[in-house]
Amino acid sequence: MAQEQTSQSVAPARLVIHNIGLLLSGDIGRPILDADTVVAVNGKITAVGKAKDLDTASATIRIDAMGTTLAPGLIDSHVHPVAGDWTPRQNQIGWIDSYLHGGVTTMISAGEVHTPGRPKDVVGLKAMAIFAQRAFSAFRPGGVRIYAGAPVIEHGMVEEDFKDLAAAGVTMLGEVGLGSVKDGATARQMVAWARKYGIQSTIHTGGPSIPGSSLIDQDIVLATDADVIGHINGGHTALPDDQIVALCEKSPRALEIVHNGNEKAALLTLRTARELKHLDRVILGTDSPAGSGVQPLGILRMISMLSSLAGVSAEVAVCFATGNTARIRNLDCGLIEPGRVATFVMIDKAQHSPGKTVLESMQRGDLPGIGMVIIDGTISAQRSRNTPPATRVPEVVKQ
Ligand SMILES: [Zn+2]
């Protein structure tokens, strides 16, 4: 089901969600809000607070949260889409819709590198990036918003190419290092050109992912100075511990931890970021589809893994996949506050998890159950077909 903008509707679409048991803001400075009600008009949040203090009348969609937890929709900071909801990596169809049932409402392409016959000449790679940006802007599998069109830099590109790409609507580079540019000096120059024209960058970090790709070590990452240290825990093979620690300490850039990486290195990264008081730099991705497949619950699994093993609370771990990513990626989602898009995931403790609350269950390493996903003020999924069943699920009172 593709999402359509509602700007042409006559009466405003007014969503009211009440009886929220716990409201996770996505903001790492204040991860839990003292609120039980969210109001959104035409897909944008207009009010957050206590029901008794808000105007909750004249809803066109009214949802009783039934005491469940509302959080911003999850953002997967690192995916490799190709075309629509098909991936050739494991030859699967419908993979993005499956992630919707894992609470993911926004995806960011780290390069459409699995495209069969991917062009590597400059004109071809620019054309492919512009095509992907256009195609995924116009098509949202399950309603999931996909930011795509992320060219992989190759030798021969000049400043004018980055200017052209930006003018054509391209806003980010694919993983630096997956193309022919693997030396720090060239990569740094191209990343600087990209930045000059408002294009964000990510670098592959660690050993080669598949035959044909190569090692990108600490020195190349630091020299390149991309905006995001992509999969700092490897994708799949991680750098040695001392290099991971050095990247956390010496670079001010975002620290991206991925599901397809080394889990021990993920924990090292998180502990180092915590010691440095740099948890606001941590963002999460799956780096999927990949050799290890498609992981619809990958972001939820990382939140539970990090909060159970790395000594951060579950509400903070949720921020790694919501507000942190939105801030670093300049997105209009990821936080529960007026003006943001009304894009939410509603969760509860999974049935029979021994934790007393949903947060405690996640801190024990269990996944939460998803009861509803809302994108731009519209219900995109109800009880998830992929998570363990939530104990309680929201009810649609009026629609
Ligand atoms: Zn990579």
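- At a threshold of 4.0 Å, the pair D27-R327 does not count as salt-bridged, since none of the basic side-chain nitrogens sits closer than that to a carboxylate oxygen.
- Linking ILVMFWY residues whenever their side-chain heavy atoms come closer than 4.5 Å, directly or via other members, leaves F320 and Y147 in distinct clusters.
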Practice item. Go through the steps for N262 and T237 under the test side chain to side chain contact (heavy atoms under 4.5 Å, CB included), then give the verdict. Key: CA-CA 6 Å; N262 175 316; T237 310; over 6 Å; no

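- Counted within 6.0 Å of NZ on K50, heavy atoms from surrounding residues, nucleotides or ligands total more than 12; the atom is thus considered enclosed.
- At distances below 3.5 Å, not a single donor-acceptor pair connects side-chain atoms of D376 with backbone N or O atoms of G43.
- With R195 contributing its side chain and S201 its backbone, the two residues share no donor-acceptor pair below 3.5 Å.
- Going from atom CD1 of I32 over to atom CG of L359 covers 5.5 Å, rounded to the nearest 0.5 Å.
- Side chains of V48 and P338 form a contact here, defined as non-hydrogen atoms less than 4.5 Å apart.
- S213 contributes a side-chain N or O that, together with a main-chain N or O of I210, makes up a donor-acceptor pair within less than 3.5 Å.
- Side-chain contact between L247 and L222: present, with at least one pair of heavy atoms (C-beta onward) separated by less than 4.5 Å.
- In this structure, E337 places its CD atom where more than 12 heavy-atom neighbours from other residues, nucleotides or ligands lie under 6.0 Å away.
- Other residues, nucleotides and ligands contribute at most 12 non-hydrogen atoms within 6.0 Å of the CZ atom of R30.
- Looking only at side-chain heavy atoms (C-beta outward), D76 and I299 come within less than 4.5 Å of each other.
- Expressed to the nearest 0.5 Å, how far CG of L268 lies from CG of D242 amounts to 9.5 Å.
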Exercise for review: Check the pair H18 / D36 against side-chain hydrogen bond (donor to acceptor under 3.5 Å, both in side chains), numbers first and verdict last.
Suggested key: CA-CA 6 Å; H18 68 276; D36 59 19; over 6 Å; no

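- Taking each heavy atom of I146 and P141 in turn, the nearest pair found is CD1-CD, 3.6 Å.
- Looking at Q200, its side chain does come within 3.5 Å of a backbone N or O of I328 through a donor-acceptor pair.
- Not one N or O on the side chain of H278 forms a donor-acceptor pair closer than 3.5 Å with the backbone of A273.
- Here the OG-CE distance, from S307 to M362, works out to 5.5 Å after rounding to the nearest 0.5 Å.
- Under a hydrophobic clustering in which Ile, Leu, Val, Met, Phe, Trp and Tyr are joined whenever their side-chain heavy atoms come within less than 4.5 Å, directly or via other members, L74 and L22 fall into the same cluster.
- Taking every heavy atom of both residues into account, V282 and L284 meet most closely at CG1-CD2, 4.4 Å.
- When side chains are defined from C-beta on, I63 counts as touching I374, because their heavy atoms get closer than 4.5 Å.
- With hydrogens and angles disregarded, a donor-acceptor distance shorter than 3.5 Å links the side chain of H231 to the backbone of T205.
- Open room surrounds CZ on F131; 12 or fewer heavy atoms of other groups in view lie less than 6.0 Å from it.
- Within a 6.0 Å radius of CD in E395, other residues, nucleotides and ligands contribute 12 heavy atoms or fewer.
- There is no path of hydrophobic side-chain contacts, each under 4.5 Å, that joins I216 to L178.
- A donor-acceptor contact shorter than 3.5 Å links the side chain of S209 to the backbone of G235.
- D225 places no side-chain N or O within 3.5 Å of a backbone atom of R188 that could act as its donor or acceptor partner.
- Between the side chains of N233 and T269, not a single donor N or O lies within less than 3.5 Å of an accepting N or O.
- Aromatic ring centres of W95 and Y99: separated by under 6.0 Å.
- Summarising the geometry of I257 relative to A266, their closest heavy-atom pair is CG2-CB, 3.5 Å, with the distance given to 0.1 Å.
- Put simply, the side chain of V312 reaches to within 4.5 Å of the side chain of R274, judged on heavy atoms.
- Side-chain contact check for Q92 and T87: no donor-acceptor pair (N or O, by modelled atom type) lies under 3.5 Å.
- Side-chain contact annotation: T286 with Q295, donor-acceptor N/O pair under 3.5 Å absent.
- With values rounded to the nearest 0.5 angstrom, E175 atom CD is found 3.5 Å from H78 atom NE2.
- Although no hydrogens or angles enter the test, the distance criterion places no donor-acceptor pair under 3.5 Å between the side chain of Q399 and the main chain of T60.
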Point to revise | side chain to side chain contact (heavy atoms under 4.5 Å, CB included) evaluation trace for I375 with R140 | key: CA-CA 11 Å; I375 300 180; R140 295 172 60 170; 3.4 Å; yes

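- At most 12 non-hydrogen atoms from other residues, nucleotides or ligands lie less than 6.0 angstrom from CG of D34.
- R281 contributes a side-chain N or O that, together with a main-chain N or O of C248, makes up a donor-acceptor pair within less than 3.5 Å.
- Side chains of S214 and K182: a donor on one and an acceptor on the other come within 3.5 Å.
- To the nearest 0.5 Å, the span separating CG on L125 from CG on D161 amounts to 8.0 Å.
- Within the 4.5 Å cutoff, the side chain of H204 has no heavy atoms near those of the V152 side chain.
- Below 30°, between 30° and 60°, or above 60°: for W193 and F162 the angle between ring planes is between 30° and 60°, a tilted geometry.
- Taking the side chain as every heavy atom from C-beta outward, M157 and V181 never approach each other to under 4.5 Å.
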Review point. Run the side chain to side chain contact (heavy atoms under 4.5 Å, CB included) check on K349 and E360 step by step: do they pass?
Key: CA-CA 9 Å; K349 191 178 79 154; E360 195 185 310; over 6 Å; no

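- Inter-residue side-chain proximity for L279 and L270 is flagged as met; some heavy-atom pair is nearer than 4.5 Å.
- Contact record, A65 with I17: CB-CG2, 4.1 Å, taken as the closest heavy-atom pair.
- Hydrophobic clustering of Ile, Leu, Val, Met, Phe, Trp and Tyr side chains at less than 4.5 Å, counting indirect connections, keeps M172 apart from I229.
- Listed here is the closest heavy atom pair of L100 and G142: CD2-O, 3.4 Å.
- Atom CG of L24 sits about 8.0 Å away from atom SG of C319, to the nearest 0.5 Å.
- Checked by atom type, the side-chain pair H259/R301 shows a donor-acceptor distance below 3.5 Å.
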Review point. Going through the distances and angles, do K126 and E160 end up as a salt bridge (charged side-chain N to carboxylate O under 4.0 Å, His left out)?
Key: CA-CA 12 Å; K126 286 166 66 179; E160 198 69 14; over 6 Å; no

Point to revise | side chain to side chain contact (heavy atoms under 4.5 Å, CB included) between M346 and T69, worked out | key: CA-CA 5 Å; M346 299 176 74; T69 296; over 6 Å; no

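- Taking both residues in full, the closest heavy atoms of I45 and I336 are given as CD1-CA, 4.0 Å, listed atom of the first, atom of the second, then distance.
- Taken together through direct or relayed side-chain contacts under 4.5 Å among Ile, Leu, Val, Met, Phe, Trp and Tyr, I130 and I199 form part of one hydrophobic cluster.
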